[in-house]
Student: 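Have a look at the structure that comes next, please.
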Amino acid sequence: TYLNNRKKYTPLINSLAQKYRLDSDLVHAVVTIESAYDPRALSKKGAVGLMQLMPGTARRYGVSDRENPEQNVTGGVRYLRDLLLQFRSVSLALAAYNAGKGAVQRYGNKIPPFPETQRYVYKVLTHYKKLKNT
């Protein structure tokens with residue numbers, strides 16, 4: 001299903017990345033690590049969908065149905081874009097996407113010392129580089 005879903009959602013992801021002026025490879029890397037392209041993915045912490053939106057983030061970006069791929073990716077892409085504009089760094093934006101921007105700010109605009117967040121940033125960046133080189 002991973003490859004089928006990846007193929008199915010690539011046009012949506014690419015068009016939303018373009019609309020919000022983000023590198024589609026970065027968005028694909030986030031989706032891969034967050035949900036492996038499963039629109040019904042649910043994390044232990046309650047994040048849902050392709051880009052694993054938490055209820056508060058979904059509300060902030062006008063997402064009423066987190067399992068709806070178009071709404072979910074639109075909200076996730078807008079959130080990621082805002083984090084990139086705020087932190088001006090892909091790795092800090094990814095850390096904030098994972099741990100919350102408050103955590104990144106509390107640690108002096110550095111990747112917080114949480115093993116999960118450090119692994120997350122590493123995995124997304126590694127996948128992003130792989131996509132860039134294909």
Student: Compare every heavy atom of T117 with every heavy atom of P112, then report the nearest pair and how far apart it is.
Tutor: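 Between these two residues, the closest heavy atoms are CD-CG2, 4.1 Å.
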Student: Distance check, rounded to the nearest 0.5 Å: R40 atom CZ versus L50 atom CG?
Tutor: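 Taking CZ in R40 and CG in L50, the distance rounds to 10.5 Å.
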Student: First locate atom CG of N72, then atom OH of Y9, and finally report the distance between them rounded to the nearest 0.5 Å.
Tutor: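 It is 10.0 Å, given to the nearest 0.5 Å.
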Student: To the nearest 0.5 Å, what is the distance between OH on Y37 and CG on N5?
Tutor: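 Output value for this atom pair is 10.0 Å.
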Student: To the nearest 0.5 Å, what is the distance between CD on Q71 and CE on M51?
Tutor: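 Rounded to the nearest 0.5 Å, the CD-CE separation comes out at 14.5 Å.
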Student: Do H28 and N14 pair up side chain to side chain, a donor and an acceptor below 3.5 Å, judged on atom types alone?
Tutor: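 Yes, N14 and H28 have a side-chain donor paired with an acceptor closer than 3.5 Å.
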Student: Are L3 and V27 linked, directly or through intermediate hydrophobic residues, by side-chain heavy-atom contacts shorter than 4.5 Å (ILVMFWY only)?
Tutor: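 The answer is yes; both residues are in one hydrophobic cluster.
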Student: Just wondering, more than 12 heavy atoms not from Y2 lying within 6.0 Å of its OH?
Tutor: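 Yes.
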Student: Do the side chains of L53 and Y20 join up, straight or via other hydrophobic residues, at under 4.5 Å, putting them in one cluster?
Tutor: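 Yes, because L53 and Y20 connect within a single hydrophobic cluster, where side-chain heavy atoms sit under 4.5 Å apart.
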Student: I'd like to know if E34 pairs up with K123 as an ion pair, taking the criterion as any Lys NZ or Arg NE/NH1/NH2 lying under 4.0 Å from an Asp or Glu carboxylate oxygen.
Tutor: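 A salt bridge is absent here (no side-chain N lies under 4.0 Å from a carboxylate O).
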Student: Quick one: CE on M54 to CZ on R66, what's the gap to the nearest 0.5 Å?
Tutor: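 Reported to 0.5 Å precision, the distance equals 7.5 Å.
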Student: Do F87 and Y97 have ring centroids that are under 6.0 Å from one another?
Tutor: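 Not under 6.0 Å, so no.
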Student: Using modelled atom types and a 3.5 Å cut-off, is there a donor and acceptor pairing between side-chain atoms of E67 and backbone atoms of P39?
Tutor: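 Not at all, since once roles are kept as given, no pair shorter than 3.5 Å links the two residues.
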Student: Under 6.0 Å from the CD atom of Q118, do we count more than 12 heavy atoms belonging to anything else shown?
Tutor: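 Enclosed.
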Student: Please check: side-chain N/O of N98 versus main-chain N/O of L94, any donor-acceptor pairing under 3.5 Å?
Tutor: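 Not a single qualifying donor-acceptor pair exists.
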Student: Run Q86 and R81 through side-chain contact (heavy atoms from CB on, under 4.5 Å) and show every step you take.
Tutor: CA-CA 9 Å; Q86 179 176 350; R81 180 201 56 192; over 6 Å; no
Student: Same cluster or not: are Y107 and V90 linked, directly or through other Ile, Leu, Val, Met, Phe, Trp or Tyr residues, by side-chain heavy atoms under 4.5 angstrom apart?
Tutor: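 Different hydrophobic clusters.
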Student: With sequence neighbours left out, write down each residue that passes side-chain hydrogen bond (donor to acceptor under 3.5 Å, both in side chains) with Y128, or none if nothing qualifies.
Tutor: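 With neighbours one apart ignored, the set is D23.
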Student: Given L26, which of L84, V77, V31 fulfils the side-chain contact (heavy atoms from CB on, under 4.5 Å) condition?
Tutor: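 The passing option is L84.
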Student: If you group Ile, Leu, Val, Met, Phe, Trp and Tyr by side-chain heavy-atom gaps below 4.5 Å, do L125 and L22 land in one group?
Tutor: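 In one cluster with L125: L22, yes.
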Student: To the closest 0.5 Å, what do you measure between CD1 (I111) and OG (S89)?
Tutor: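 If I round to the nearest 0.5 Å, the distance is 7.0 Å.
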Student: Counting neighbours of NZ on K130 that are heavy atoms of other residues, nucleotides or ligands and sit closer than 6.0 Å, is the number greater than 12?
Tutor: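 No, NZ of K130 has 12 or fewer neighbouring heavy atoms, counting only those of other groups under 6.0 Å.
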Student: Answer with yes or no whether the hydrophobic clustering places L80 together with L12; edges join I, L, V, M, F, W, Y residues whose side-chain heavy atoms lie under 4.5 Å apart.
Tutor: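 Yes, because L80 and L12 connect within a single hydrophobic cluster, where side-chain heavy atoms sit under 4.5 Å apart.
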Student: Does anything in residues 46-78 pair up under ring-ring contact (aromatic ring centres under 6.0 Å, His included), and if so which pairs, sequence neighbours excluded?
Tutor: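 For residues 46-78: Y61-Y79.
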